[in-house]
Amino acid sequence: MTSSTELNPDVVVRFAPSPNGLLHLGHAYAAMMAHDFARQRGGQFLLRIEDIDAGRSRPEFVTAILEDLRWLGLNWESEVIFQSERLDSYAAAAERLKAMGLLYPCFCSRADLRQLQEEGALADGPDGPIYPGTCKHLDPAIAMKRVANEPHSWRLDVEKAVGISGPLQWMDERHGKQIATPERLGDVILVPKESPVAYHLAVTVDDARDGITHVVRGDDLFASTAIHRLLQALLELPTPLYFHHRLLLDETGRKLSKSRESASLSVLRSDGVSGHELMHNLRQGMFPVGISLSRG
Ligand code: GLU
């Protein structure tokens with residue numbers, strides 16, 4: 001571990017995996033990009049475990065993540081951060097947005113939305129179908145009565161939020177200056193029915209809390225940044241710089257994913273592959289057969 005007193009305070013980067021599966025090569029690449037970004041600038045590299053989804057997070061995946069990163073030779077500063085220990089700060093942020101009149105309860109089930117999607121009634125956004133705003137138009141008194149008795153999530157009223165924030169921009173060190181267009185993702189869920197907080201809210205609160213200066217992550221999260229930028233404005237949080245990197249693709253041109261059972265790092269590790277050699281190859285842009293880097 002490096003002593004944090006010797007480090008450049010202007011660069012604080014994090015790797016923020018969710019422990020809901022085993023890490024694969026795509027994660028090794030993402031962890032390396034964040035780690036090397038910090039180290040090349042003499043900055044700090046933090047590890048934050050995004051274990052907010054109690055239904056999907058597993059302690060054995062946390063153990064595997066730590067072992068995989070050590071095997072790859074990536075070191076982080078200070079204690080590992082766990083989002084599950086910070087639920088109060090997410091609840092406080094959600095309450096603040098509620099008090100601003102920017103969240104509304106949503107009673108739609110996944111099945112309701114799936115049906116609408118099958119009927120072709122949902123517009124496509126960069127992150128999947130856009131919520132049609134069904135519950136936004138409920139009578140507030142009726143909605144509040146239902147809140148007491150029915151499972152519900154809380155959605156961000158993006159139109160109203162943008163009305164308050166005004167136009168927003170953010171800077172990506174790879175893609176250049178961006179105009180934030182959170183409307184393209186629609187009224188995202190910030191407090192899900194079945195877990196205490198959604199990714200967008202937790203990550204925004206934590207990047208500020210951890211003093212992250214540069215968010216280095218994959219292009220798959222590029223579109224989400226518009227929502228994070230909006231939340232920063234609403235919650236008066238600082239805006240970091242961003243660097244969205246290319247993704248590793250499989251032989252069919254799709255990004256590697258946990259659900260598609262792409263070769264996990266723990267399997268490579270137990271097969272006797274050298275983590276240092278793997279990192280060396282990834283740094284040289286040498287990928288295993290069938291794996292390539294996305295363009296653009
Ligand atoms: N926890 C997120 C994931 O595993 C990444 C969060 C981020 O880098 O913003 O996909």
Side-chain angles (χ1 to χ4, degrees), residues 12-38 44-58 61-62 64-66 68-69 72 74 76 80-87 90 93 126-128 170-175 178 180 182 185 188-190 192 195-232 237-248 254-260 262 264-265 294:
V12 184
V13 183
R14 77 332 188 255
F15 177 54
S18 305
N20 52 20
L22 293 170
L23 299 189
H24 53 64
L25 274 179
H27 295 106
Y29 187 78
M32 174 198 84
M33 291 300 284
H35 171 272
D36 290 4
F37 188 103
Q44 292 189 54
F45 176 61
L46 308 183
L47 176 61
R48 187 169 70 221
I49 302 290
E50 304 214 318
D51 56 349
I52 38 177
D53 186 345
R56 296 177 66 215
S57 298
R58 299 260 182 283
F61 293 135
V62 175
I65 289 171
L66 302 184
D68 288 343
L69 295 177
L72 293 169
L74 303 177
W76 55 91
V80 179
I81 300 159
F82 289 90
Q83 287 195 321
S84 56
E85 293 172 3
R86 295 176 158 186
L87 300 183
Y90 313 135
D127 246 359
W170 54 279
M171 185 60 162
D172 189 293
E173 286 200 6
R174 190 163 83 85
H175 297 283
Q178 305 293 320
L185 284 95
V188 291
I189 291 178
L190 295 188
S195 79
V197 61
Y199 160 69
H200 294 303
L201 185 57
V203 84
T204 306
V205 167
D206 277 348
D207 283 338
R209 175 168 173 169
D210 296 331
I212 302 301
T213 59
H214 296 75
V215 172
V216 179
R217 62 184 174 198
D219 272 339
D220 50 337
L221 292 167
F222 183 86
S224 297
T225 306
I227 293 286
H228 306 168
R229 180 67 193 91
L230 175 59
L231 292 174
Q232 287 154 9
L237 301 174
T239 302
L241 291 165
Y242 289 85
F243 184 103
H244 288 91
H245 60 73
R246 291 185 163 88
L247 302 173
L248 291 193
R254 279 190 285 183
K255 100 174 163 100
L256 304 183
S257 76
K258 287 173 186 160
S259 51
R260 299 184 56 247
S262 309
S264 72
L265 298 180
S294 64

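Just so you know, ligand 1 is whichever comes first in the structure, and atom 1 is the first atom listed for that ligand. Here, residue 1 is the first one in the sequence, and each next residue gets the next number.
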Asks: Under 4.0 Å from a heavy atom of L221: give me the atoms of ligand 1 that qualify, with their elements.
Replies: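 It comes down to these atoms of ligand 1: 5 (C), 7 (C), 8 (O), 9 (O).
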Asks: Are K255 and D220 close enough, and set up right, to give a salt bridge (Lys or Arg N to Asp or Glu O under 4.0 Å), and what steps lead you there?
Replies: CA-CA 9 Å; K255 100 174 163 100; D220 50 337; 3.2 Å; yes
Asks: I'd like to check which ligand 1 atoms, numbered from 1 as shown, lie under 4.0 Å from a non-hydrogen atom of V203.
Replies: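 Numbered from 1, ligand 1 contributes 9 (O).
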Asks: Using the ring centroid of each side chain, check whether H245 and Y29 are separated by less than 6.0 Å.
Replies: yes
Asks: Out of all atoms in ligand 1, which are within 4.0 Å of some heavy atom of A16? Include the element for each.
Replies: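 That gives atoms 1 (N), 2 (C), 3 (C), 4 (O), 5 (C), 6 (C) of ligand 1.
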Asks: Any donor-acceptor pair under 3.5 Å linking the side chain of H214 with the backbone of V216?
Replies: no
Asks: Ion pair present between D219 and R174, side-chain N to carboxylate O less than 4.0 angstrom?
Replies: yes
Asks: Does ligand 1 have any atom that is closer than 4.0 Å to a heavy atom of Y199?
Replies: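 Y199 counts as a contact of ligand 1 under the 4.0 Å cut-off.
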Asks: For R14, state whether at least one heavy atom is located under 4.0 Å from any atom of ligand 1.
Replies: yes
Asks: Under 4.0 Å from any heavy atom of R217, which atoms of ligand 1 are there?
Replies: 7 (C), 8 (O), 9 (O)
Asks: Check whether S294 reaches the backbone of R246 with its side chain - one donor and one acceptor, N or O, closer than 3.5 Å.
Replies: no
